[in-house]
Amino acid sequence: MNKYNLLEKTNYPHELKQLSREELQTLAQELRAFILDNVSKTGGHLASNLGSVELTIALHYVYNTPNDSLIWDVGHQSYPHKILTGRREKMTTLRQFNGLAGFPKRTESEYDSFDVGHSSTSISAALGMAVANKVRNRDHKVVAIIGDGSMTAGLAFEGLNNAGWLDTDMLVILNDNEMSISENVGAFSNYLSKILASRFYNTMKDTAKNALSIVPSMQKFAKKVEEHMKGMIMPSTMFEEFGFNYIGPVDGHDLENLIDTLEELKQLKGPQFLHIVTKKGQGYKLAENDPISYHGVSKFNPSEGMQVPTSNAMTYTQVFGKFLNDIAQIDDEFIAITPAMREGSGMVEFAKKYPDKFFDVGIAEQHAITFAGGAASKGIKPIVAIYSTFLQRGYDQLIHDVTIQDVPVLFAIDRAGVVGADGPTHIGAFDISFLRCIPKMIIMTPSDENECYQMLYTGFRLNQPCAVRYPRGAGTGTTIDEAFEMMALGKGKIIKNGEKIAILAFGSMVKPSLDAANELNATVCDMRFVKPIDIDLIKQISDSHDYIVTVEENVIMGGAGSACLEAMQLLNLNKPVLQIGIPDEFVEHGDPKVLLKHIGLDSDGIIRQIKQKNWL
């Protein structure tokens with residue numbers, strides 16, 4: 001028997017609309033089973049997608065997509081949407097090179113209204129679309145679907161504020177599953193929890209439910225009335241103060257009620273706000289019980305659950321976690337800050353051991369950096385653990401609230417360079433370029449685990465803004481020397497001697513540069529620092545070699561290679577230079593090794609590009 005009987009007949013929303021309410025319930029079961037089966041084979045975001053099945057079906061059933069626009073905030077919950085919009089058969093290629101993207105992507109489907117990857121953009125984008133529809137006199141609906149974790153970011157409230165003021169026709173759906181990636185933090189999360197946990201409200205609801213259970217028709221009527229009664233039982237919501245008509249919270253897994261509610265909201269004018277409550281991992285007990293671990297998964301057997309991978313080499317994330325715990329044993333004057341990435345940044349153990357030093361500020365990168373700047377101004381050393389792609393969101397604060405004030409904040413920048421399956425929204429391709437132009441900023445690029453450990457310590461001890469940027473994944477297997485050591489500021493080293501060609505390699509590109517140099521008989525320098533750049537070493541190498549090659553896992557424009565060229569110009573050194581790095585394009589999703597090969601940043605690519613210069 002085909003377990004996906006209905007799903008295989010429902011490839012597009014217009015086919016979905018032909019199903020009965022009873023068939024929609026069956027479809028939801030099949031869709032949830034398909035997601036679990038598929039993601040267990042490809043990897044990807046699991047728990048959040050299992051939780052958004054009924055909502056997705058209801059939205060495509062009620063609205064006329066793609067004319068009506070659905071904007072999925074972040075996109076962690078968009079797999080059901082992809083499956084029901086003509087991409088089911090391609091889901092086996094999810095997050096693979098030349099396959100389906102893990103997030104909504106406009107070039108992939110007309111049903112994907114907006115490219116997303118970073119959180120909290122949906123409301124602003126939806127408002128822009130709604131205004132555009134009004135200007136063009138198009139009677140198209142716009143719906144933004146945002147998670148409660150994404151509501152911790154200021155951008156979401158900027159969008160709410162403007163939408164309420166403009167009184168624009170649009171719907172915002174808050175999918176409240178009480179989490180982002182880590183547990184939600186902050187006053188707003190507590191506010192939502194209090195609404196759901198209101199003793200008076202829940203006592204009245206349970207009493208009424210029991211009393212009416214003997215009269216099914218009255219029970220159904222009471223369920224609809226319940227949403228209107230909440231406003232009389234509890235304080236008015238902040239969303240109404242923003243100018244929205246607030247409905248909720250409602251059960252996000254009650255498909256029939258969701259459809260009825262959306263049908264009613266579709267007819268209303270002005271900004272509408274629907275608060276639904278869902279469960280991450282719905283329908284798969286392992287994910288329900290551990291939604292953090294099952295947020296983003298590698299391939300696994302659904303019947304056995306995920307297995308912890310083993311590796312002889314530490315990841316750079318683990319190196320950072322070790323550094324935090326080790327420095328805490330000898331220094332009490334610091335705090336560690338993360339914008340909602342405790343697990344991803346390797347801070348779980350530290351948070352448990354030193355809760356008074358650990359601060360998760362929610363999905364609020366701008367706040368995280370200014371918060372760090374404020375702490376630093378009062379003599380506490382802040383360490384900000386942040387992904388390269390998320391640091392972009394706090395660039396103004398980085399300049400104004402840290403570097404202009406010259407306060408000593410250490411930025412531990414994870415996921416620098418190619419990150420793989422999450423694609424162009426998550427690649428750490430730009431941090432060297434946008435950091436290097438900021439006065440007073442120190443930038444370090446470790447080539448192995450021990451360098452990373454010692455650079456973090458060096459940055460911690462320096463009395464100025466510092467950044468240590470390191471890649472995703474395992475290191476080289478180098479043993480960490482647990483004796484902390486200050487590194488000489490702005491000094492690299494020659495790690496292989498050769499002839500004619502000198503490769504100046506930065507961070508993660510030292511290993512492939514060494515592999516390439518063995519075939520080319522080239523010299524290799526581990527440059528270590530991007531800023532200050534090692535001018536003395538560049539002069540020494542230029543004097544003794546005919547050709548210079550720079551290699552970095554950052555965009556070429558304005559990157560580490562550009563720093564070397566500027567140094568050579570300052571020294572009046574006139575030698576041919578080849579810059580190798582990430583090209584001037586957005587690198588798509590896929591396995592990191594495949595992507596590095598594709599853009600010429602593996603050893604074979606380095607060799608090929610050098611040979612094309614005819615320098616040998």
Side-chain angles (χ1 to χ4, degrees), residues 71-76 102-104 114-128 144 146-162 180-182 184-186 188 336-345 347 359-375 382-404 409-417 419 422-438 441 443 465 467-470 472 554-555 558 586-587:
I71 302 95
W72 298 92
D73 202 279
V74 183
H76 290 158
F103 300 101
F114 202 71
D115 287 14
V116 294
H118 290 185
S119 79
S120 317
T121 62
S122 60
I123 299 174
S124 297
L127 178 59
I146 186 168
D148 48 322
S150 294
M151 287 296 294
T152 60
L155 179 59
F157 286 90
E158 293 176 26
L160 284 174
N161 182 59
N162 195 207
S180 50
I181 296 173
S182 302
N184 281 334
V185 297
F188 179 72
I337 303 166
T338 177
M341 297 305 297
R342 180 187 63 185
E343 285 76 20
S345 294
M347 306 174 79
F359 295 88
D360 183 343
V361 302
I363 303 176
E365 295 87 356
Q366 293 171 291
H367 165 62
I369 295 172
T370 301
F371 173 42
I383 302 172
V384 178
I386 191 166
Y387 290 7
S388 172
T389 182
F390 298 142
L391 182 60
Q392 297 163 189
R393 308 190 88 183
Y395 192 56
D396 182 70
Q397 289 68 34
L398 183 64
I399 295 173
H400 280 248
D401 303 330
V402 175
T403 52
I404 285 180
V409 178
L410 171 60
F411 293 91
I413 305 175
D414 204 334
R415 271 63 166 181
V419 296
D422 283 336
T425 58
H426 283 62
I427 190 170
F430 313 107
D431 55 88
I432 288 179
S433 300
F434 69 67
L435 289 173
R436 197 172 70 80
C437 63
I438 303 175
M441 177 64 71
I443 308 170
V468 180
R469 55 109 62 181
Y470 43 90
R472 182 178 189 173
N554 186 83
V555 290
F586 289 110
V587 180

What are the two closest non-hydrogen atoms of Gly417 and Ile427, and how far apart are they?
O-CG1, 3.4 Å
Checking Thr389 against Val419 for the side chain to side chain contact (heavy atoms under 4.5 Å, CB included) test, could you report, in this order, the C-alpha distance in whole Å, the side-chain angles of both residues, the deciding distance, and whether it holds?
CA-CA 10 Å; Thr389 182; Val419 296; over 6 Å; no
Determine whether a donor-acceptor pair (N or O, by modelled atom type, separation under 3.5 Å) exists between the side chain of Ser119 and the backbone of Val74.
no
Check Asn162 against Leu127 and note the closest heavy-atom contact, atom names and distance.
OD1-CD2, 3.4 Å
Do side-chain atoms of Asp360 reach the backbone of Ala340 as a donor and acceptor pair under 3.5 angstrom?
yes
How far does CE of Met347 sit from CZ of Phe359, to the nearest 0.5 angstrom?
10.5 Å
Can you tell me how far apart CZ (Arg415) and CZ (Arg472) are? Round to the nearest 0.5 Å.
5.0 Å
Mind telling me whether Phe103 and His76 have parallel, tilted or perpendicular rings, with 30° and 60° as the class edges?
tilted
Quick check: closest heavy atoms across Phe586 and Pro424, and the distance to 0.1 Å?
CB-CB, 4.0 Å
Can you check whether His118's main-chain N or O pairs, donor with acceptor, with Arg393's side chain at less than 3.5 Å?
no
Does anything in residues 429-438 pair up under side-chain hydrogen bond (donor to acceptor under 3.5 Å, both in side chains), and if so which pairs, sequence neighbours excluded?
Ser388-Asp431, Asp431-Arg469, Ser433-Asn554, Arg436-Glu566
Identify the two heavy atoms, one from Ile71 and one from Ala125, that lie closest to each other, and give their separation to 0.1 Å.
CG2-CB, 4.5 Å
Give the minimum heavy-atom separation between Val384 and Ala372, together with the two atoms involved.
CG2-CB, 3.6 Å
Return the CD1 to CD1 distance between Ile413 and Ile432, rounded to the nearest 0.5 Å.
9.0 Å
Between CZ on residue Phe430 and CD on residue Gln392, distance to nearest 0.5 Å
6.5 Å
Could you list the residues that satisfy salt bridge (Lys or Arg N to Asp or Glu O under 4.0 Å) with Asp115, not counting sequence neighbours?
none
State, with a plain yes or no, whether a side-chain heavy atom of Leu155 is found less than 4.5 Å away from one of Ile123.
no
Scanning both residues in full, the closest heavy-atom pair of Gly117 with Thr425 reads CA-OG1, 3.6 Å
Checking the side chain of Ser150 only, and the main-chain atoms of Ile146 only, is there a donor and an acceptor separated by less than 3.5 Å?
no
Report the C-alpha distance between Gln366 and Asp396 in whole Å, list the side-chain angles of each, state the deciding distance to 0.1 Å, and finish with yes or no for side chain to side chain contact (heavy atoms under 4.5 Å, CB included).
CA-CA 8 Å; Gln366 293 171 291; Asp396 182 70; 5.7 Å; no
Check: Tyr395 side chain, Phe434 main-chain N or O, donor-acceptor pair, under 3.5 Å
yes
Are Asp73 and Val116 close enough, and set up right, to give a side chain to side chain contact (heavy atoms under 4.5 Å, CB included), and what steps lead you there?
CA-CA 7 Å; Asp73 202 279; Val116 294; over 6 Å; no
Go through it in stages, so that I can follow the logic: the residues are Met151 and Leu160, the test is side chain to side chain contact (heavy atoms under 4.5 Å, CB included), and I'd like the CA-CA distance, side-chain angles, deciding distance and then a yes or no.
CA-CA 10 Å; Met151 287 296 294; Leu160 284 174; 3.6 Å; yes
Is it true that a side-chain atom of Asp414 and a backbone atom of Ser345 form a donor plus acceptor pair closer than 3.5 Å?
no
When rounded to the nearest 0.5 angstrom, what is the spacing between CD in Gln397 and OG1 in Thr370?
4.5 Å
Quick one: pull up CG in Leu410 and CD1 in Ile383 and give me the separation to the nearest 0.5 Å.
5.5 Å
Taking C-beta and beyond as the side chain, do Glu158 and Asn161 meet within less than 4.5 Å on heavy atoms?
no
Backbone N or O of Thr121 within a donor-acceptor pair of the Ser124 side chain at under 3.5 Å?
no
Thr403 side chain vs Leu398 backbone, donor-acceptor pair below 3.5 Å:
yes
All side chain to side chain contact (heavy atoms under 4.5 Å, CB included) counterparts of Ala368, not counting sequence neighbours
Ile337, Pro339, Val361
